[in-house]
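Single-structure report; data block below.
Lettering follows sequence order; numbering is per chain, from 1. All values below come from the heavy atoms of this structure, side chains included, with hydrogens, waters and symmetry mates left out.
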Amino acid sequence: MDDAPEYIIEMLHITKEFPGIRANDDITLQLRRGEIHALLGENGAGKSTLMSVLFGMYQPEEGIIKKDGQVVDIRDPNDATALHIGMVHQHFKLVEVFTVLDNIILGAEDTKLGFLSKKEARRKVQEISERYGLRVDLDAKVEDITVGMQQRVEILKMLYRDNEILIFDEPTAVLTPQEIEELILIIRNLAKEGKSILFISHKLNEIMEVSDRVTVLRKGRCVGTIETAKTTKEELSRMMVGRPVQLVVDKGPAHPGEAVLTVEGLTVPSRLHKNDAVKDVSFQVRAGEIVCIAGIDGNGQTECVYAITGLEKASRGKVTLCGRDITDAPIRTRSKDGMSHIPEDRHKHGLILDYTLEENLVLQRYYEPQFQDHGFIRFDAVREYADSLIQQYDIRSGQGPVTRVRSMSGGNQQKAIVAREIDRDLPLIVAVQPTRGLDVGAIEYIHKQLVAQRDAGKAVLLVSLELDEVMNLSDRILVMYEGEIVGEFRGGEVTVEELGLYMAGARRAQKEGKRA
Amino acid sequence: MRQTNSAPLWKRDGVRSVLASLLSILIGLVGGSLIILIVALTSKNLNLHSAWEAIRLVFLGLFSTGRDAAGGLTFGFNPTSVGNMLFRATPLILTGLSVAVAFKTGLFNIGAPGQYLAGTAATLFVALEIPTTVVPAWIVWILAFLAGMLAGAVWGSIPGMLKALLNINEVIACIMTNWIAANLVTWVFDISNLKNVVENTKSGYIYKTSFNGVQTPKLGLDKLFEGSQVNGGILVAILLAVVVYIILTRTTFGYELKACGANRHAARYAGIRDKRSIVLSMAIAGSLSGAAASLYYLSGNTEFFWSTYQSLPATGFNGIAVALLAVNNPIAVVFAGIFMSMLDIVGLQMTNLTAYNEYITDVIIAVIVYLAAFSLVIKSWLAGGHRAKPAHPAGGGADAPDPNAIPTDAPGEVPAAPGEAPAEGKEAREK
């Protein structure tokens with residue numbers, strides 16, 4: 001291998017156009033053998049397009065791809081597989097009811113006379129998993145194992161197929177801080193063993209920690225490739241966004257007032273299993289403070305918010321909004337009584353994708369006298385209102401108010417929801433993962449909006465899986481684990497590591513913010 | 001990253017929809033012609049000349065005026081054909097509207113035949129049982145019409161309620177209610193005293209409403225289209241289409257209904273009562289199918305043959321074809337309904353004038369419906385798209401392809417609907 005060229009994969013001057021847009025404009029990406037190379041960029045910067053080109057999903061208009069110095073022609077994903085390029089998707093492609101081993105060999109099974117023979121495969125998988133420290137239980141069903149282990153199964157799938165180039169697409173999005181640590185170790189190990197790794201992310205911390213070099217994309221162009229050791233988070237974010245970004249939003253101390261939302265003994269049944277998803281949860285959110293519910297995905301935060309916002313019924317407990325009992329109130333009543341809601345899933349709840357931007361911007365108020373006259377929509381008023389929100393909140397889209405929301409980028413879709421909910425000017429804002437999947441520019445923007453709302457005397461209930469967000473924004477932090485609040489802290493009084501331990505259920509405290 | 005800046009999307013989209021439908025029609029007609037040609041070439045008794053005549057009728061049957069002394073086909077304005085076309089279009093437009101309204105609100109109303117039957121029974125009972133000696137005929141007409149709509153609405157709301165409250169698929173519920181309607185209506189007429197016993201050569205027929213002096217006014221249309229069965233019903237149908245169009249596009253009620261259809265979860269999130277919307281949209285759909293039956297039987301020259309519950313009224317199912325061809329646009333439904341009934345006339349003319357028969361038009365309709373169902377594909381083909389790719393990534397920037405679509409093991413995950421933008425999968429992935 002000594003005579004091998006320096007770069008294992010070279011994508012040279014790739015240009016890919018879509019109608020009306022140049023998704024990749026003369027991008028060059030060179031991956032060295034055995035390095036961890038991060039690909040950094042905002043949503044819409046062209047990362048995914050570039051990877052699709054590498055995988056043969058798209059044919060570039062210009063540019064060439066070289067493997068080991070030889071020009072290769074990747075026409076479809078099978079070509080990419082033949083070149084030993086593998087990818088771990090952010091959302092795993094596993095068959096839930098199959099065992100780990102079956103998942104790993106799926107599509108590359110050994111057969112004897114038409115019958116599966118797994119013995120050889122089992123031996124090979126065991127060998128690989130020992131070599132790279134990928135602990136998995138080969139006979140467990142995928143649906144029974146943790147997300148972290150599922151990810152290791154995905155990695156094993158790639159290694160089983162002897163892939164040399166491993167692409168990780170936002171691999172940490174679903175992991176706990178402890179699992180992230182473990183993943184980073186694994187990735188380092190893989191690189192040490194000679195695998196070449198492309199690490200796609202927009203999280204600066206991880207990139208600083210794990211990568212050797214970083215290529216930054218912005219608006220379809222390559223801003224540059226630099227050595228990670230010679231740069232800083234601030235420089236990277238500036239390269240990514242094109243202007244200096246405030247990574248931590250400025251905020252003064254909170255001046256909490258009256259309780260706006262009071263939750264007492266809330267219990268919500270689970271849809272998935274017999275146990276309650278939320279068990280006897282009580283807390284208050286006061287005017288002028290940001291209260292954050294932190295926790296690993298699936299520990300009852302979603303159900304808790306559903307019960308507060310009315311999407312699901314609570315089986316016990318009481319929810320009071322501005323002094324009124326809203327436990328069993330219809331959603332419209334809660335909304336009129338003063339609750340705005342930035343939902344967790346913007347495509348499921350937040351937007352009607354086939355409606356236009358202006359129709360979506362009035363989704364919570366189309367029935368108000370301002371927008372209707374005897375049941376007829378006042379289109380001129382809707383347009384005027386939409387135009388003002390679009391301008392005020394800088395929502396970008398192809399055709400302005402008449403754009404189908406489906407065609408907008410995730411960041412702008414989220415901006416539209418934030419604009420719609422904040423502009424209603426209601427005393428309580430329930431924001432669930434408001435920056436999910438957004439880039440630093442958009443995150444900065446939404447964080448500023450939330451802090452501004454707090455300073456304007458609104459009560460903000462924030463639910464977030466992102467520890468950075470929790471640490472940055474919260475005036476108070478509630479940690480939820482298995483449906484219960486296991487810890488309560490004041491913002492700034494707790495470290496990320498400690499929070500991680502509570503989130504993983506390793507520690508629990510009495511309420512009243514006592515440190516364990 | 002320049003912005004997409006050209007004609008408004010809906011405009012081009014609308015134009016493409018119309019073109020796609022017209023193309024389906026053209027291919028259907030050409031396909032029918034080809035079959036005629038094949039039949040002619042493979043049959044000893046038919047020659048190419050007869051095939052040519054039949055093909056001319058496929059395209060121009062509406063304007064056929066018979067044969068001249070020399071035996072050649074003659075063409076010109078045929079008021080009877082045009083009038084009958086409008087008469088036959090009346091119920092089709094309404095069942096088409098019925099299906100289209102449900103589609104627009106995210107429901108597949110395959111229950112139009114049952115709702116049509118419910119409307120038939122209600123209309124005939126009211127029109128025939130209220131003596132016009134006591135109540136003026138025009139009031140009976142209105143009552144019968146409303147009864148038909150109401151019965152259809154009730155029948156349509158049954159699957160609606162099952163869907164809203166118990167989450168039972170409306171297609172299954174609709175098919176069940178169709179057959180319940182067929183048997184129920186047969187039974188109700190069986191024990192009624194409305195069976196036509198005056199003309200005792202007929203068995204199994206219900207009196208025409210004109211027997212009680214109740215029939216839709218002609219409004220002078222019979223003068224315009226002499227010798228045809230046309231009456232004011234067609235105007236009622238068109239009026240209803242306009243009303244439906246206005247409700248769907250201009251009112252908050254339509255906004256709510258469509259919101260529930262496009263994304264029930266988001267509608268609920270916004271405080272829209274989704275269950276109520278589903279029931280209401282099925283009720284509206286049902287009332288339109290009921291109105292179709294009312295207008296058909298209130299014409300006074302049609303009679304209901306009640307003993308054939310083994311089959312469901314074709315008008316109901318043809319509504320699906322009409323709605324498909326019209327891409328669920330209420331105004332386009334009017335034209336699609338008229339076109340479909342024109343094909344009926346074509347079939348009749350062909351049977352009357354040539355050795356070929358009307359079944360050929362069924363083939364044509366089948367081809368057209370098939371193609372209409374593919375209209376999305378045809379639309380993207382018209383747009384010049386060769387493979388699935390993001391349509392219009394917005395100015396703010398869009399990571400064009402769905403990264404989920406990359407997997408080596410799932411080539412089927414290429415975004416399926418051409419012309420649809422990429423965002424969905426991407427967001428789902430972020431969960």
How are the rings of B:Tyr255 and A:Tyr355 set to each other: parallel, tilted or perpendicular (split at 30° and 60°)? tilted

Between A:Arg378, A:Gln364, A:Lys336, which shows the greatest number of heavy-atom pairs under 4.5 Å with chain B? A:Gln364

Closest heavy-atom pair and its distance - B:His265, A:Lys348: CB-O, 3.2 Å

If you compare all heavy atoms of B:Tyr269 against all heavy atoms of A:Pro343, which two are closest, and at what distance to 0.1 Å? OH-CD, 3.7 Å

How long is the gap from CZ on B:Arg264 to CD1 on A:Ile352, to the nearest 0.5 Å? 13.5 Å

Shortest non-hydrogen separation from A:Gly310 to B:Arg268 and the atoms involved: O-NH2, 4.5 Å

Need one label for A:Leu351: side chain, backbone, both or neither, based on atoms under 4.5 Å from any heavy atom in chain B. backbone

d(A:Tyr366 OH, B:Ile272 CD1) to nearest 0.5 Å is 4.0 Å

For chain B, the option from A:Lys16, A:Glu421, A:His374 that forms the most heavy-atom pairs under 4.5 Å: A:Glu421

Check each atom of A:Gln433 against the heavy atoms of chain B and say whether the ones under 4.5 Å are side chain, backbone, both or neither. neither

Rounded to the nearest 0.5 Å, what's the gap from CG on B:Asn263 to NE2 on A:His349? Could you check? 8.0 Å

Contact part of A:Val362 toward chain B, heavy-atom cut-off under 4.5 Å: side chain, backbone, both or neither? both

Portion of A:Arg420 that has a non-hydrogen atom of chain B nearer than 4.5 angstrom: side chain

Does A:Arg332, at its CZ atom, have more than 12 non-hydrogen atoms belonging to other residues, nucleotides or ligands within less than 6.0 Å? yes

More than 12 heavy atoms of other residues, nucleotides or ligands under 6.0 Å from CZ of A:Phe371: yes or no? yes

Take atom OH in B:Tyr245; do more than 12 heavy atoms of anything else shown fall under 6.0 Å from it? no

With a 4.5 angstrom heavy-atom cut-off, could you sort out which part of A:Phe379 is near chain B: side chain, backbone, both or neither? side chain

